[in-house]
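Taking it in order: structure first as structure tokens, then the write-up.
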Number of protein chains: 2
Amino acid sequence: MAEVTLKDVALASGCSIATVSRVLAGTRPVGAETARTVRAAAEALGYRPNHVARALRSRSTGTVGLVLPQITNPFFPFLVRELEHALHAEDRAVLLADCDDDPVTEAARINALLARRVDALLLIPVDERRSREAVAAAAAQVPLVLLDRGCGPGVADSVAVDNAAGMALVLAHLAATGRRRPCFIGAAGTASAAAERRAAYEAGAAALDPGAPGRVALGDFSVEWGRAAVDRLWPSRPDAVVCANDLIAAGALQRLRQLGADVPGEVAVTGFDDIPLAGLADPALTTVRQPLAELAAEAARLLSRNPAAGPPAARRAVRLAPELVVRASSAGPGTRGGGSS
Amino acid sequence: MAEVTLKDVALASGCSIATVSRVLAGTRPVGAETARTVRAAAEALGYRPNHVARALRSRSTGTVGLVLPQITNPFFPFLVRELEHALHAEDRAVLLADCDDDPVTEAARINALLARRVDALLLIPVDERRSREAVAAAAAQVPLVLLDRGCGPGVADSVAVDNAAGMALVLAHLAATGRRRPCFIGAAGTASAAAERRAAYEAGAAALDPGAPGRVALGDFSVEWGRAAVDRLWPSRPDAVVCANDLIAAGALQRLRQLGADVPGEVAVTGFDDIPLAGLADPALTTVRQPLAELAAEAARLLSRNPAAGPPAARRAVRLAPELVVRASSAGPGTRGGGSS
DNA sequence: ATGAAAGCGCTAACAT
DNA sequence: ATGTTAGCGCTTTCAT
């Protein structure tokens, strides 16, 4: 039951602990014969390397911190899963921190992870502005990649979906299916997803209808806000309700139904993100699917970029193309009632 | 930019590193005067303890592993959030592992966390039987608490909701609102949530209707299964569809609506867990709410139980009482149409 | 109350 | 290719 250490393996295999270390860590060339002996001894004794000691000596914990605003936001668990798999695949462990959507908690969590000597930080900032200081400080200490949301220019590398492209897909689809009076339910604030989707709507919708950019209601990314916003926008009788994410769209859908509106016959509803809820809504939500696995892979790749080579490499801002998922909530106006897809 | 160590603080404050350690870790009595000086020096230099070195020396990483079947199961993120907060509150960090619902991956993840020297393991087993071996082996090495699902008798301490009590609440509610022909859509397998909810339904429903225990369909905990199961059970015209969790209930609701059934007028539908989807469904789902914060707190408490005291303390199996949340999907049969609650 | 010194288990120079 | 020797930064005896 006592811990088996390198020393034990060295004793058992009749060579020095340095050699054993080299064999087991594969760090230097080693005699084929010795290697076999050592591995056998390690196996026999049930040796398990002590990552803590290794980390202290090598100054690398093999651990990355994952900091996110709220794990309960239904969009994040999928991202977390992909990240966890991508990282474990290269033998890095994931220290998880949930910030409760609060920049102060976020700063505390970042510090806690830094104190634990994470090799790198993967971070979805709580707030574009209020997270900046803590994020910039952290980025000065370890490689840091921003995910999904930005945090001001030049703070760190970032990976996100191309929000503008996604919104353009939605608007093109609505135009192609004959919608002419769109409106937009978005989120206030400067978070990149909120701002970019809003800006893209305003830019794209003007081509459809000069009045469209005016039909905008801004709140937060919640179901409740989706419901409330419909009360503000429905009186202007839009034929499409473009929502900044699926939660808002779910709320909008619910409220429209309560008001007796015919979706999609009278009015189309679209979301963004393609969380599971989108497929379950009635009618099922047309939405924009984020390339989660690719986002995760790209983030992991960015983390592994050797930061020591050459001058402080320019920040990268990777944007990945999303995909439109057409479901019943935006079926052509002629198609009354819609079916589930 | 170089790391500030205890030695630097000792030099700056003119005392030994041992004293500094004692001041900063609050481990032993120390002169008030010295303490002040040391703290000032630490502050001035921006000293940050190195948890890795501390862990190597003290044989405690201050880290607990959280192993779960699938973070994308919508029930888990809430539990994860509560656990994260409970643990960070006592300065423990959380290493997250997602098992992709696969016992083999689960075993690998457990080993990875053990190699990282987690102080303890919080684990939601993938499978009652197939997880047992790996879990038992892990429990022999570190304190381990099972969450939400069991893993055979006596393997480890466990914390879960009282599934039988929850199901009894549902059946009592249905009986009180005049339902007489319930049926049950559950999950096959031996996972405790599946088995206990199923058994409780069968026990409780027999009192309502001798034929009820026969109207049971067993699949998995998914929306798809909920949909499919309705096709099997609806022909027998139940007046209540009791589901083993909210995902199943969401699927059942959707399919019933497609078949033109009137919920709740003609048939009530109930879920279990109270995930956010439950409130969003139409009609909103009557369900059983798990006391998540209490479950998390209890799990954290169990982890902190000093395992070194006395004989290997008997395993604890803590069961917490759930709460019935009545919504529109089970409004009395007379109340046609229901409103959103 | 404080200091000196010995490691925790490992990797990385430096020898050989 | 292998062994020897220093530590990584900290906590913890053991002295004083």
Side-chain angles (χ1 to χ4, degrees), chain A residues 1-39 41-42 45-63 91 114-119 141-142 308, chain B residues 1-39 41-42 45-63 91 93 114-119 141-142:
Chain A
M1 204 54 240
E3 278 308 305
V4 180
T5 75
L6 272 192
K7 190 158 77 174
D8 300 320
V9 179
L11 242 50
S13 60
C15 58
S16 78
I17 71 170
T19 303
V20 176
S21 168
R22 293 195 266 252
V23 171
L24 267 24
T27 224
R28 293 218 172 254
V30 119
E33 185 63 16
T34 350
R36 224 188 329 279
T37 322
V38 167
R39 256 187 273 273
L45 296 176
Y47 170 74
R48 312 246 331 224
N50 183 326
H51 281 238
V52 174
R54 178 176 289 181
L56 178 59
R57 182 63 238 227
S58 67
R59 326 197 65 71
S60 158
T61 52
T63 296
D91 275 319
L114 254 19
R116 291 232 148 60
R117 296 303 194 268
V118 292
D119 288 344
Q141 302 187 48
V142 295
Chain B
M1 203 54 238
E3 279 310 304
V4 180
T5 75
L6 271 193
K7 190 159 76 172
D8 300 319
V9 179
L11 244 48
S13 60
C15 59
S16 78
I17 72 171
T19 303
V20 177
S21 169
R22 296 196 262 251
V23 171
L24 267 24
T27 258
R28 293 220 172 253
V30 118
E33 185 64 15
T34 348
R36 224 189 330 279
T37 321
V38 167
R39 255 186 273 275
L45 295 177
Y47 170 74
R48 314 249 325 228
N50 183 327
H51 281 238
V52 175
R54 178 176 292 180
L56 178 59
R57 183 62 235 235
S58 66
R59 324 199 65 70
S60 157
T61 54
T63 296
D91 275 319
L114 254 19
R116 290 231 148 61
R117 297 303 193 269
V118 292
D119 287 344
Q141 303 188 45
V142 294

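Naming convention: chains lettered A, B, ... in sequence-line order (proteins, then strands); numbering from 1 in each chain.
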Give a yes/no on whether any side-chain N or O of T19(B) is located under 4.0 angstrom from OP1 or OP2 of dG3(C).
yes
DNA chain C nearest-nucleotide lookup for A35(B) and H51(A): closer to the 5′ end is A35(B)
Students should find this one: the first and last nucleotides of DNA chain D, 5' to 3', lying under 4.0 Å from a heavy atom of chain B. What are they?
dG9(D) to dT13(D)
For D8(A) and dG9(C), what is the distance between atoms CG and C1' respectively, to the nearest whole Å?
11 Å
Heavy-atom nearest nucleotide on DNA chain C taken for R117(B) and for T34(B); more 5' hit belongs to T34(B)
Test salt bridge (charged side-chain N to carboxylate O under 4.0 Å, His left out) applied to R116(A) - qualifying residues, sequence neighbours left out
none
Separation of dG9(C) atom C1' from Y47(A) atom OH, nearest Å, is 7 Å
Heavy atoms under 4.0 Å, any strand shown: does T5(B) hit a base, just sugar-phosphate, or nothing?
sugar-phosphate
Of all residues at least two apart in sequence or in a different chain, which pass the salt bridge (charged side-chain N to carboxylate O under 4.0 Å, His left out) check with R117(A)?
E3(B)
Any side-chain hydrogen bond (donor to acceptor under 3.5 Å, both in side chains) pairs touching residues 29-38 of chain A, not counting sequence neighbours?
E33(A)-R36(A)
Using whole Å, report how far CD of E33(B) lies from C1' of dT2(C).
14 Å
Could you provide the dot-bracket string of DNA chain C, using ( ) for intrastrand pairs, [ ] for crossing pairs and | for bases paired to another strand, with Watson-Crick or G-U pairs below 3.5 Å?
||||||||||||||||
Using a 4.0 Å cut-off on heavy atoms, which residues in residues 52-63 of chain A reach DNA chain D? List them by number, or say none.
L56(A), R57(A), R59(A)
Can you confirm whether V4(B) sits close enough to V9(B) that some side-chain heavy atom of one is under 4.5 Å from a side-chain heavy atom of the other?
yes
Are V38(A) and C15(A) packed together at the side-chain level, in the sense that at least one heavy-atom pair is separated by less than 4.5 angstrom?
yes
To the nearest 0.5 Å, how far apart are CG in L11(B) and CG in L6(B)?
11.5 Å
With sequence neighbours left out, the residues meeting salt bridge (charged side-chain N to carboxylate O under 4.0 Å, His left out) with R28(B) are none
So do T63(A) and D119(A) actually touch side chain to side chain, heavy atoms under 4.5 Å?
no
Salt bridge (charged side-chain N to carboxylate O under 4.0 Å, His left out) involving R39(B) - partner list, sequence neighbours excluded
none
So do the side chains of V142(B) and L114(B) get within less than 4.5 Å of each other, counting heavy atoms only?
yes
Interatomic distance where NZ belongs to K7(A) and C1' belongs to dG7(C) [whole Å]
10 Å
Protein-nucleotides 13-16 of chain C N/O pairs under 3.5 Å:
from    : atom 1 : to     : atom 2 : distance (Å)
dA13(C) : N6     : R22(A) : NH1    : 3.4

Would you please name every residue forming a side chain to side chain donor-acceptor pair (under 3.5 Å) with T27(A), sequence neighbours left out?
none
CZ of R116(B) versus P of dG9(C): gap in Å, rounded?
18 Å
Under the side chain to side chain donor-acceptor pair (under 3.5 Å) test, which residues partner S16(A), sequence neighbours left out?
T19(A)
Contacts of S21(B) that satisfy side chain to side chain donor-acceptor pair (under 3.5 Å) - sequence neighbours left out
none
With heavy-atom distances below 4.5 Å as the criterion, would you say the side chains of V20(B) and Y47(B) are in contact?
no
